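Reminder, nothing fancy here: chain letters follow the sequence lines and each chain counts from 1. Predicted model, so just to flag it, every value in this text is computed and none were measured.
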There are 4 protein chains.
Amino acid sequence: MEKTVLVTGFDPFGGDEVNPSLEAVKRLEGVVVDGVRVTSLGIPTVFGHSRRVLTEGIEEIRPHIVIGVGQAGGRARMTPERIAINVDDARIPDNIGRQPVDEPVEVDGPAAYWSTLPVKRMVQRMREAGVPAAVSHSAGTFVCNHLFYGLMHDLSRAGSNIRGGFIHIPYLPEQTVHREAPSMSLEMIVDGLKAAIAAVAEEGEDVKEVGGALC
Amino acid sequence: MEKTVLVTGFDPFGGDEVNPSLEAVKRLEGVVVDGVRVTSLGIPTVFGHSRRVLTEGIEEIRPHIVIGVGQAGGRARMTPERIAINVDDARIPDNIGRQPVDEPVEVDGPAAYWSTLPVKRMVQRMREAGVPAAVSHSAGTFVCNHLFYGLMHDLSRAGSNIRGGFIHIPYLPEQTVHREAPSMSLEMIVDGLKAAIAAVAEEGEDVKEVGGALC
Amino acid sequence: MEKTVLVTGFDPFGGDEVNPSLEAVKRLEGVVVDGVRVTSLGIPTVFGHSRRVLTEGIEEIRPHIVIGVGQAGGRARMTPERIAINVDDARIPDNIGRQPVDEPVEVDGPAAYWSTLPVKRMVQRMREAGVPAAVSHSAGTFVCNHLFYGLMHDLSRAGSNIRGGFIHIPYLPEQTVHREAPSMSLEMIVDGLKAAIAAVAEEGEDVKEVGGALC
Amino acid sequence: MEKTVLVTGFDPFGGDEVNPSLEAVKRLEGVVVDGVRVTSLGIPTVFGHSRRVLTEGIEEIRPHIVIGVGQAGGRARMTPERIAINVDDARIPDNIGRQPVDEPVEVDGPAAYWSTLPVKRMVQRMREAGVPAAVSHSAGTFVCNHLFYGLMHDLSRAGSNIRGGFIHIPYLPEQTVHREAPSMSLEMIVDGLKAAIAAVAEEGEDVKEVGGALC
């Protein structure tokens with residue numbers, strides 16, 4: 001049976017008119033990567049509601065793999081996230097004006113969940129495809145981390161064998177025309193996501209490659 | 001009874017001749033901050049051994065509070081760490097040449113532990129003292145995070161009521177004479193640590209102030 | 001009569017295997033942009049010799065416009081340079097091992113020459129084409145500035161009506177796979193150069209748009 | 001006869017409540033460094049008027065050396081400027097609301113003037129004093145460069161043997177409490193300025209040390 005991956009992107013937020021994650025996952029809709037069929041889903045950049053939309057998407061699509069994708073303005077590379085943490089701490093309001101500060105994503109949840117995707121192999125495959133990439137150890141404390149933590153919590157509580165994780169991506173060039181920040185072309189982001197999906201589709205344990213951060 | 005705080009600093013590593021954390025904690029030895037007496041301890045920048053030295057120090061000194069301090073080259077501000085994660089992933093070898101990659105700090109430990117120090121109030125008090133500061137959501141995956149995770153794990157397993165946490169600090173100016181990176185004077189780092197200790201000494205819950213990271 | 005622009009790119013240097021400037025100008029060879037025919041020329045990354053190769057190219061091609069292009073590792077945007085300065089001060093050796101320190105490009109030359117290209121309109125047109133761009137006020141003190149200064153000096157001394165200038169460009173993505181730095185796709189760099197050429201081809205004075213630097 | 005150096009600092013601008021250059025030069029008033037007596041002068045952050053205040057100060061004080069000092073928010077080191085350029089291009093309004101765009105500082109002036117201070121030796125002496133420092137090749141296009149260019153132009157036109165130059169300095173720590181940027185303590189800035197003055201007081205040519213910029 002063909003495997004299915006659900007990739008999600010967020011609505012634009014924080015004054016931007018586009019969100020590279022939404023643009024990238026739209027391009028992947030229906031694409032098949034190494035035998036894995038991609039379904040894409042747009043997610044509102046809203047605490048709480050984002051999780052409900054994802055949950056409904058998972059119930060409907062019944063994917064084998066879920067990869068959340070989000071914009072990380074200021075980063076120069078694609079960065080698979082290693083860990084999701086149990087805190088909402090919004091520096092700016094979300095798209096309906098909510099701004100939780102130091103609240104848990106799940107009152108009874110553990111401090112953190114690991115991604116169940118092979119983050120080191122994802123980085124390796126992205127680099128082999130010529131895409132700048134590195135493992136990240138913080139998905140922040142805004143809606144991206146909220147969705148990522150919520151996903152891993154729900155999969156864990158349900159004893160699901162769906163594998164899940166999150167990838168942060170840089171701004172698109174059009175977002176940096178008037179501000180000084182790194183960017184990445186949409187084509188390269190899409191190539192990077194395909195390489196990441198191919199890495200997840202491979203069987204076997206994650207590779208062990210140096211990829212840590214001193215701090 | 002007077003409270004005691006144990007503050008620890010690391011040996012120089014990675015080719016540097018000094019480590020600001022060790023210099024700073026030496027200056028605090030014996031100082032009393034808002035009724036809290038400071039004891040300082042030097043820790044080797046070595047996986048495993050660092051934890052044993054800390055454990056022995058805690059057993060001997062029996063402090064009420066433990067604050068690990070470490071160098072975060074490239075950061076411009078003092079950054080209390082919110083969370084320790086269960087992974088050793090060394091980008092460079094430690095001071096005896098060990099370089100673990102993707103190994104757990106504790107095989108049976110949870111993914112992460114929260115700092116049990118009031119990180120938001122620490123930042124607030126440091127800023128009030130004129131010291132640049134911000135909460136951090138990643139202590140990296142080198143010996144700093146290793147010690148921090150190990151500390152929180154041991155306190156948790158022992159059911160200890162000792163409060164523990166970690167603060168990353170910038171380079172000293174003398175370390176940036178020949179490289180382009182932010183730095184902070186030793187005097188300011190010491191002032192920042194005093195403000196942090198004062199924040200911990202206060203009674204009551206942590207403050208809720210905006211301090212999150214988009215990613 | 002059709003106008004001609006000579007665009008030059010440099011050989012790789014400093015350990016890199018490619019130089020985005022050489023790759024980009026090769027793509028432009030023979031292209032016609034708004035009635036301006038592009039000829040491209042590869043230049044050795046060598047003090048002195050680079051100038052001779054450019055001089056010969058100008059004598060042979062007899063262009064109306066000369067645009068030097070060079071790699072500016074670490075920059076996130078395409079940056080037309082406003083000014084060339086009369087100093088060679090090499091932080092690393094050039095491609096034949098020469099490393100002049102604080103020597104003039106031209107012993108009798110003035111401190112600096114302005115670009116005679118409309119740098120503000122070039123930035124405007126690049127941005128309209130969706131390409132991140134900004135005016136730069138320093139072309140450094142390595143071979144890029146050396147060639148730029150030499151070009152403007154020779155044109156000035158000859159009383160030439162050839163217009164000349166220089167554009168620095170970011171790394172290619174493939175150069176940043178293993179280091180943390182911004183990059184730009186080759187396609188976008190080529191689009192940016194076309195937009196810059198179109199801006200030069202327009203008649204009339206440069207636009208006056210805010211584009212300065214506080215320092 | 002004792003030599004005199006005039007050091008100038010600017011009023012706060014751009015929303016900041018202090019300007020480290022003004023604070024630093026106040027501390028140097030009346031100090032004698034290696035036989036050189038320091039006089040300090042506050043300068044308004046205003047195009048045009050800043051130059052008049054400096055001219056009057058020079059006429060009154062009759063110094064042997066003039067060193068302008070200005071804030072370079074975002075820089076981590078003290079940076080003696082090598083060159084002043086003949087353009088006013090203000091990204092933000094000055095302190096009386098003027099915002100010249102692409103206007104010459106002096107209609108008949110050359111493109112640029114070199115600092116007549118030994119910038120490499122200044123950096124060397126600052127580093128020996130433990131102060132992070134590097135040569136800069138752009139003083140920007142705001143009031144700092146305006147004053148620097150105007151000073152060098154006036155000294156040149158008058159055939160004066162007064163030596164002149166400019167040093168940019170980082171934010172003070174208190175300016176970075178609520179924003180992410182490097183800073184330097186006032187004490188260290190003052191020490192750096194003293195080391196720079198001592199370097200200028202030495203007889204002989206500037207040293208030739210590697211200090212260039214690739215771009």
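Put simply, CD1 on A:I85 and NE2 on B:H137 are 5.5 Å apart, with the number rounded to the nearest 0.5 Å. Note that CG of B:D89 and NZ of A:K120 are 3.5 Å apart. Values are rounded to the nearest 0.5 Å. Atoms CG and CD1, on A:L214 and B:I92 in that order, are 5.0 Å from each other to the nearest 0.5 Å.
If you measure heavy-atom distances from A:E209 to chain B, the contacts under 4.5 Å come from the backbone alone. With a threshold of 4.5 angstrom between heavy atoms, B:A90 approaches chain A through N, CA, C or O but not through any side-chain atom. Only the backbone of A:A139 comes within contact range of chain B, with heavy atoms under 4.5 Å apart. At a 4.5 Å heavy-atom cutoff, the contact between B:V87 and chain A is made by backbone and side-chain atoms alike. In this structure, the portion of A:V207 lying under 4.5 Å from any heavy atom of chain B is its backbone and not its side chain.
When every heavy atom of A:S138 is checked against every heavy atom of B:S138, the shortest pair comes out as CB-CB, 4.1 Å.
Near-neighbour residues of residues 181-197 of chain A relative to chain B, defined by a heavy atom under 4.5 Å from a heavy atom of that chain, are none.
Sequence neighbours left out, not one pair with a member in residues 182-213 of chain B passes ring pair (Phe, Tyr, Trp, His ring centres under 6.0 Å).
Using a distance-only test at 3.5 Å, with no hydrogens or angles considered, a donor-acceptor pair links the side chain of A:T141 to the main chain of B:A213.
Looking only at heavy-atom pairs under 4.5 Å with chain B, the residue among A:N145, A:T79, A:N86 that has the most is A:N86. Of the listed residues (B:A111, B:P110, B:G73, B:A72), the greatest number of heavy-atom pairs within a distance under 4.5 Å of chain A belongs to B:A111. Between chain B and the residues A:H168, A:R91, A:Q71, A:E81, the most heavy-atom pairs under 4.5 angstrom are made by A:R91.
Within a 6.0 Å radius of CD in A:E180, other residues, nucleotides and ligands contribute 12 heavy atoms or fewer.
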